[in-house]
Amino acid sequence: STMKHAERAHRFKNVVIPSLNRATNATMNNATLDRPWFDYESDPRSLQLLFDFHTVSESSQIGTTRLVRDATLRQVNSDAWGGWSEHNVRVIKIDEKSEGCDASPNGLIARTIHGELNVPWFLEGYGPGHRGAFLDLDAISEGESEIVGAAKFVLHIPCSVRASALGLSGAKELAAVVEFGHGLFYHRKEASGYFLQKLANDNGYIVMAMEWRGMSLFDLPVVFQALMSTPRMFQAVRDNLIQGYACKLALQHFSRNGMMDMDWFQFGIEETDGKIHPMPLPGGQPPPSVFYGISQGGILGAGYSAIMGITGLIDRSVLGVPGTPFALILTRSIDFDIYDNVLLLNIYHNRHARILLSVVQMAWDAVEGSGVLAAPISEPYPKVLMQAGLGDTEVPTIAAEALARAYNASTLPGNPRKIYNVPVGLPANDTYSGPHAVLTEILYQEEYSTYPRENTKTDRNSVHFCVRKDEALTRQLVEFINSGRIVDPCENDNCIRTRAKC
């Protein structure tokens, strides 16, 4: 925008350029030696910056990801696919937990479905399940895959939604289907955690989850192979992430086209009326579809939900402690030690690690926010709420703020600090639902005050995990999931906390 360009020009003229002038002047024997090749005052055009130029085309950077998305959507919508019948969806196991709902007021989940669904498959070189496979560029260019793979998922139906079907106390009308994105190299079991299941039961959310194929627990052997001996296998990691996005697209499509008709959502109480009670849909329509990713789920979720925006399958997304780009996040994370030690089995110096990860980032750009949201943004993305903590040692807040700038996001008036090139927007009111993209931060005073200002290692703290449990941010999250409105949770206390204790 014009305002942002004006802010940028002012910053360079008054802050950056004077610093560069000082750095490019040398004092020797009390004499100042000017650098004639750099004179911003008399010739502003003498300074050219890398980000003044496009260094890669949109089609080159994210074109393959979009082609796989479009081909997947086209295929699952086709008559030949046959809809989401038992042919394309299979139940592996159903954990019936309804007795826990009736026996205890603290019962959270009534039923868990472990399932598998068919998905168009765009990997080649190994069998459909192999994590070291690469994309089949011929199938992608033809816009259709002749191979059908399988992807596992889990679905949790909370006790409150069951109670709604049966007319029991503690009932919550179904408010949303929430797809959860797990953390670093974990898996779909994270959706079974207490925090998320309590959130679901308290508010009437069905939770579904699938692995980040390419960056899950099951991908660690390929990742360590890439780090230790075969850097080219990073391509397999990226290609499997693209296939994983296609798998998640298929799950989202199923959730809107047949999932609610499955008998998984039917409940009965034999001892009362002996009837089967289907789960009621508010207004007779499927509920909103919301993506909620935390940590790696927020990092990859930015790219995933933005790629999915044009499909209309995701209504809005919540990104907890997110950031971009991955090469910045990883090397500044408290968790980097193990990966650094493995990398140094393959290379000589950490300088080489920085170069390697910067090169790898060019591949990751196809699947995360820094690439998918690179200007100019030519496709719509869902409304997004980002929540981060100042003092986070797992995902540095500077990366969350970089993601906010990529989204052209705003903060809200109560945010504990202003962020460069991120404007302050108005929260939701009676006639306005809030900005399209918002970053909300919590300032943990103890952790933030001891956070290193230099390039040195810090101690682990709890900020990364306390953000999701903060009561004010939880209220903001629930309001956003339920209605799409983004309220200001910091208007009373500027979201300042003494320390991260949760």
Side-chain angles (χ1 to χ4, degrees), residues 1 3-4 172-181 199-200 202-206 252 255-256 281-294 298 301-302 304-320 322 369 372-373 377 379-388 400-401 403-416 418-419 421-442 467-468 470-495:
S1 69
M3 181 190 72
K4 287 187 176 182
K172 288 285 184 180
E173 192 175 66
L174 177 60
V177 174
V178 177
E179 181 193 3
F180 181 71
L199 181 73
D202 288 349
N203 298 284
Y205 304 150
I206 291 172
Q252 285 285 359
S255 75
R256 288 181 174 254
L281 297 178
Q285 299 295 321
S289 179
V290 180
F291 173 80
Y292 181 25
I294 297 177
Y304 162 65
S305 59
I307 280 286
M308 292 280 282
I310 201 169
T311 69
L313 294 174
I314 295 178
D315 294 300
R316 37 195 175 266
S317 63
V318 182
L319 308 177
V372 177
L373 295 166
I377 301 173
E379 291 187 350
Y381 53 82
K383 193 169 184 176
V384 60
L385 170 64
M386 294 166 278
Q387 297 180 329
E401 294 171 353
L403 181 60
R405 284 187 284 271
Y407 266 116
N408 291 317
S410 303
T411 56
L412 298 175
N415 206 62
K418 289 185 168 55
I419 304 169
N421 220 11
V422 177
V424 178
L426 294 175
N429 54 39
D430 292 340
T431 59
Y432 173 59
S433 65
H436 192 70
V438 165
L439 170 63
T440 293
E441 296 175 312
I442 297 181
V467 170
R468 72 194 71 173
D470 187 85
E471 291 184 6
L473 265 65
T474 297
R475 290 193 294 270
Q476 182 192 40
L477 179 148
V478 168
E479 178 65 31
F480 180 64
I481 290 177
N482 292 351
S483 68
R485 301 173 69 252
I486 300 183
V487 298
D488 188 350
C490 309
E491 60 181 352
N492 295 324
D493 60 4
N494 294 113
C495 284

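With contacts defined as side-chain heavy-atom distances shorter than 4.5 Å, the pair L313/S255 does not qualify. Side-chain contact between L477 and L199 is present, with at least one heavy-atom pair separated by less than 4.5 Å. With a 4.5 Å cut-off on side-chain heavy atoms, I481 and N203 do not count as touching. Looking at heavy atoms from C-beta onward, I442 lies out of side-chain contact with P416 at the 4.5 angstrom threshold. Contact of the V384 side chain with the S305 side chain is not registered, since no non-hydrogen atoms from C-beta on lie closer than 4.5 Å. Using a 4.5 Å heavy-atom threshold, the side chains of L412 and Q476 count as touching. Contact annotation: the side chain of V478 never approaches that of D202 to less than 4.5 Å [non-hydrogen atoms, C-beta and beyond]. Two residues are said to be in side-chain contact when any heavy atoms from C-beta on lie closer than 4.5 Å; P489 and Q387 fail this criterion.
Closest of all the heavy-atom pairs between N482 and A175 is OD1-CB, 3.8 Å. For the pair P413 and P427, the tightest heavy-atom approach, listed with the atom from each and the gap, is CD-CD, 3.8 Å. Of all the heavy atoms in N494 and N415, the pair that sits closest is ND2-O, 4.2 Å.
One distance of note links OG1 of T474 with CD of E479; it measures 13.5 Å at 0.5 Å rounding. M308 CE to Q252 CD: the interatomic distance, rounded to the nearest 0.5 Å, is 5.0 Å. Remark: R405 CZ to L373 CG distance equals 13.5 Å, nearest 0.5 Å. A distance of 9.5 Å separates CG of L281 from CD of E173, quoted to the nearest 0.5 Å. Rounding to the nearest 0.5 Å places OH of Y381 at 14.0 Å from CD1 of I310. One finds the SG atom of C490 at 6.5 Å from the CG atom of L473 (value rounded to the nearest 0.5 Å).
Residues passing the salt bridge (Lys or Arg N to Asp or Glu O under 4.0 Å) test with D488, sequence neighbours excluded: none. Taking the side-chain contact (heavy atoms from CB on, under 4.5 Å) definition, one finds that A404 meets it with M386, A409, V422, L439, sequence neighbours left out.
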Exercise. Please step through side chain to side chain contact (heavy atoms under 4.5 Å, CB included) for the pair V372 and Y304, ending with a clear verdict.
Key: CA-CA 9 Å; V372 177; Y304 162 65; over 6 Å; no
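Checked by atom type and distance alone, the side chain of R316 pairs as donor or acceptor with a backbone atom of F480 at under 3.5 Å. In terms of modelled atom types and a separation under 3.5 Å, the side chain of E441 and the main chain of A388 share no donor-acceptor contact. Remark: the backbone N or O of I486 is not paired with any side-chain donor or acceptor of K383 at under 3.5 angstrom. Counting only distance, with no hydrogens or angles, the side chain of D315 and the backbone of V290 share no donor-acceptor pair below 3.5 Å.
With ring centers used as reference points, Y407 lies 6.0 Å or more from H436.
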